[in-house]
Amino acid sequence: MAASVLVTWTMLIVLLLAPSALPEEWQYYIYSPASVGLWMLTMLVVPVVVCTVKWPWIKSGSR
């Protein structure tokens, strides 16, 4: 379960940092307070969803 959460958080962090290569004018809209707040909310909600969906795989010992 810990691996699922860590992989999910890693993917979310990569998605947060990916737009930094865009032009600087766009970064304000991508990194606005609302989008960062939504990103922080997904850091809490998405791991629960992943663990719920992957529960049979987690329960079987990752086989």
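By convention here, the first residue in the shown sequence is residue 1. Side-chain atoms are counted along with the backbone in the values below, which use heavy atoms only and exclude waters and symmetry mates.
Cluster membership for Leu22 and Leu17, using ILVMFWY side-chain heavy atoms within less than 4.5 angstrom, is shared. No continuous path of ILVMFWY side-chain contacts below 4.5 Å connects Leu38 to Leu16, so the two sit in separate hydrophobic clusters. Note on Ile58: it does not cluster hydrophobically with Leu6, by side-chain heavy-atom contacts below 4.5 Å among ILVMFWY residues. The cluster map of Ile, Leu, Val, Met, Phe, Trp and Tyr, joined by side-chain heavy atoms under 4.5 Å apart, puts Val36 and Leu15 in different clusters. Hydrophobic cluster membership differs between Val7 and Ile13, with clusters built from Ile, Leu, Val, Met, Phe, Trp and Tyr side chains linked at under 4.5 angstrom.
The shortest side-chain heavy-atom distance between Ser35 and Ile30 does not fall under the 4.5 Å cut-off.
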Could you tabulate the donor-acceptor pairs under 3.5 Å formed by side-chain atoms of residues 42-56, not counting sequence neighbours?
{"unit_1": "Thr42", "atom_1": "OG1", "unit_2": "Trp39", "atom_2": "O", "d": "2.5"}
{"unit_1": "Thr52", "atom_1": "OG1", "unit_2": "Val48", "atom_2": "O", "d": "2.8"}

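Under the side-chain hydrogen bond (donor to acceptor under 3.5 Å, both in side chains) criterion, no residue pair touches residues 5-17, with sequence neighbours excluded.
Shown here are the side-chain contact (heavy atoms from CB on, under 4.5 Å) partners of Pro23, two or more places apart in sequence or in another chain: Glu25, Trp26.
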